[in-house]
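All remarks here apply to the structure that follows.
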Amino acid sequence: MGDWQPLLEASAERPRWGRRAVLDDDRELAERHRRGDARAFEELYRRYAAAVINLAWRLSGSRVEAEDLGQEIFLRVFRHLARFRGEAALRTWIFRVAINHCRSRLGRRRAPTEPLGEGDEGGRQAIDPGPSPERQALASDEERQLERALAGLPPVFREAVVLRDVEGLAYEEIATALEVPVGTVRSRIARGREQLRRAIEAKR
Amino acid sequence: MIEHPEIEELSSWLDERLPEGEASDLAAHLAQCDACRRRADGLDRVRRRLAALERVAPRAELPPALGSVLGGEGWRRRRPPVLSIWSPIATGVFVLLGLGVILLWFSQQSARRLEETVATATATAAQVRSLAGREFRLVAGAWTEAGVAADAPRRSVAADEPLARELYASVPGLAEAVARGERWVLHWRGETVELTPPAQRKGSMPASE
């Protein structure tokens with residue numbers, strides 16, 4: 001594989017979810033919530049809040065909006081967690097709730113965004129610098145360019161790419177979260193990445 | 001190798017999702033095809049840059065706004081049921097406490113019965129007197145000699161009559177008792193005699209010996 005080997009090793013070093021111990025712990029957390037343990041939901045929030053808000057940030061393109069979306073998502077999770085029966089991992093189930101809520105909220109707010117092209121204003125408008133001006137100032141042009149390109153992806157591609165490359169989910173987990181076959185996930189990830197690649201290279 | 005891989009194949013290869021044979025074929029193709037290698041390189045750069053995007057910081061606790069909304073829905077009021085390991089211990093403590101209360105009640109009852117028995121014995125003792133070796137019991141307000149039936153015919157004798165003086169001489173202490181206003185019923189020469197105190201004889205006093 002030659003030059004690719006370091007890249008693959010770097011990829012393998014990224015944090016992965018899905019360890020059995022974590023899954024068992026998740027099921028126990030849901031069971032405790034079902035039994036009425038208030039601390040279980042607080043623990044669940046601490047465990048998944050960052051990932052859920054991060055997902056909402058990358059799907060909405062707005063860090064500020066992501067905080068509101070995160071609270072709404074966890075309110076939904078609280079209301080429906082008693083129904084969770086452990087068919088999927090709790091994390092995957094929470095991501096599914098998050099995706100469905102973001103679709104509902106963002107779908108009402110704006111029509112699906114077309115792939116970003118030269119001079120695409122819609123993509124730029126979707127980007128919110130958020131509450132991190134220092135980092136935003138320091139962020140490279142490449143990062144801002146990538147965020148714009150991501151915001152310009154069709155939602156179905158954006159969801160798949162974010163779940164895979166930002167949140168690090170396995171294909172099977174993404175399929176469960178998006179409620180589509182694994183083959184569809186594979187295609188959406190590939191096409192999403194390709195559109196991002198083209199958008200970034202077109203800016204050079 | 002002329003045929004170029006599809007974008008799905010390149011992307012899956014980067015994620016190590018291709019079967020081993022296809023993966024090695026694709027790697028061999030990339031080694032020879034600059035265009036496909038640049039494309040795969042671009043995809044991988046996108047992938048790595050997405051993974052390196054800024055992330056929100058972990059959250060230590062629920063935001064107040066969410067906490068207040070959940071509070072209205074019963075969060076915090078929901079408490080785990082008292083079960084687990086403490087349940088049998090708590091049950092044992094309650095059983096022991098219950099047994100303790102029952103034992104205490106029984107001991108108090110026993111003590112009360114004992115006190116009543118002692119009081120009865122004391123009262124009984126107070127109702128028996130002895131004069132000149134003769135035993136008397138208080139029956140219907142009169143000190144009645146043992147062996148005298150309650151319905152036995154009796155002769156009523158005033159405290160100052162001659163017969164009474166004979167009795168006073170025979171039974172020491174009897175005159176003083178009658179003088180205190182006590183009635184006495186006793187055997188005397190084959191009959192039952194009832195001595196009536198002087199107060200009941202319209203002011204007359206028993207004669208002294």
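Below, chain A is the first sequence line, B the second, and so on; all start at residue 1. None of the values given here were measured: they were computed from a predicted structure. FYI, side chains are in, hydrogens and waters are out, and symmetry mates aren't considered; it's all heavy atoms of this structure.
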For the atom pair [atom1] ([X]) and [atom2] ([Y]), what is the distance rounded to the nearest 0.5 Å?
X        : Y        : atom1 : atom2 : value
A/Asp165 : B/Asp15  : CG    : CG    : 6.5 Å
B/Ser11  : A/Arg191 : OG    : CZ    : 12.0 Å
B/Leu53  : A/Leu146 : CG    : CG    : 5.0 Å
B/Leu50  : A/Leu150 : CG    : CG    : 6.0 Å

Is there a side-chain contact between [X] and [Y] (heavy atoms, below 4.5 Å)?
X       : Y        : result
B/Glu54 : A/Glu143 : yes
A/Tyr48 : B/Pro58  : no
B/Leu62 : A/Phe41  : yes

Quiz item: So which part of A/Val185 gets closer than 4.5 Å to some heavy atom of chain B, the side chain, the backbone, both or neither?
Solution: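 When you check distances to chain B, no heavy atom of A/Val185 falls under 4.5 Å.
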
Exercise. Please lay out, stage by stage, how B/Arg55 and A/Glu167 fare under the test salt bridge (Lys or Arg N to Asp or Glu O under 4.0 Å).
Key: CA-CA 10 Å; B/Arg55 298 182 65 84; A/Glu167 297 303 327; 3.1 Å; yes

Quiz item: Which bit of B/Glu9 comes within less than 4.5 Å of chain A, counting heavy atoms only: side chain, backbone, both or neither?
Solution: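 Contact with chain A is through both the backbone and side chain of B/Glu9.
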
Quiz item: Between B/Ala31 and chain A, which part of the residue has a heavy atom less than 4.5 Å away: side chain, backbone, both or neither?
Solution: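 Contact with chain A involves no heavy atom of B/Ala31 at all.
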
Quiz item: Taking atom CD of B/Glu20 as the centre, does the number of heavy atoms from other residues, nucleotides or ligands within less than 6.0 Å exceed 12?
Solution: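 Atom CD in B/Glu20 is not crowded, with 12 or fewer foreign heavy atoms closer than 6.0 Å.
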
Practice problem: For atom CD of B/Glu22, decide whether the heavy atoms of other residues, nucleotides or ligands shown that lie under 6.0 angstrom number more than 12. | Solution: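 More than 12 heavy atoms, drawn from other residues, nucleotides or ligands, come within 6.0 Å of this atom.
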
Self-check item: ring pair (Phe, Tyr, Trp, His ring centres under 6.0 Å) against A/Tyr171, all qualifying residues, sequence neighbours excluded
Solution: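 Ring pair (Phe, Tyr, Trp, His ring centres under 6.0 Å) list for A/Tyr171, sorted by chain: empty.
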
Quiz item: Looking at B/Leu10, B/Val46, B/Val56, B/Ile7, which makes the most heavy-atom pairs under 4.5 Å with chain A?
Solution: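 Result: the option with the highest number of such pairs is B/Val56.
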
Quiz item: What closest approach, in Å, do B/Glu8 and A/Arg186 show between heavy atoms, and which atom pair accounts for it?
Solution: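 Closest approach of B/Glu8 to A/Arg186, heavy atoms only: O-NH2, 3.9 Å.
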
Quiz prompt | Shortest non-hydrogen contact from A/Glu201 toward B/Gly42 | solution =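 Closest approach of A/Glu201 to B/Gly42, heavy atoms only: OE2-CA, 4.1 Å.
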
Exercise. Check whether any side-chain N or O of A/Arg193 sits under 3.5 Å from a backbone N or O of B/Arg47 as a donor-acceptor pair, and report yes or no.
Key: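 Checking the backbone N and O of B/Arg47 against the side chain of A/Arg193, no donor-acceptor pair under 3.5 Å is found.
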
Quiz item: Checking B/Arg59 side chain against A/Ile53 main chain: does a donor-acceptor pair fall under 3.5 Å?
Solution: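 No, the answer is negative, given that no donor and acceptor are paired below the 3.5 Å cut-off.
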
Quiz prompt | Audit row: B/Glu61, A/Arg39, salt bridge (Lys or Arg N to Asp or Glu O under 4.0 Å) steps and yes/no | solution = CA-CA 11 Å; B/Glu61 57 186 21; A/Arg39 289 165 301 184; over 6 Å; no

Quiz prompt | side chain to side chain contact (heavy atoms under 4.5 Å, CB included) against A/Thr184, all qualifying residues, sequence neighbours excluded | solution =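 Counting only residues at least two positions away or on another chain, A/Thr184 forms a side chain to side chain contact (heavy atoms under 4.5 Å, CB included) with A/Val180, A/Pro181, A/Arg188.
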
Exercise. Among A/Arg198, A/Arg79, A/Glu43, single out the residue with the greatest number of heavy-atom pairs under 4.5 Å to chain B.
Key: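 Between A/Arg198, A/Arg79, A/Glu43, the count favours A/Arg79.
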
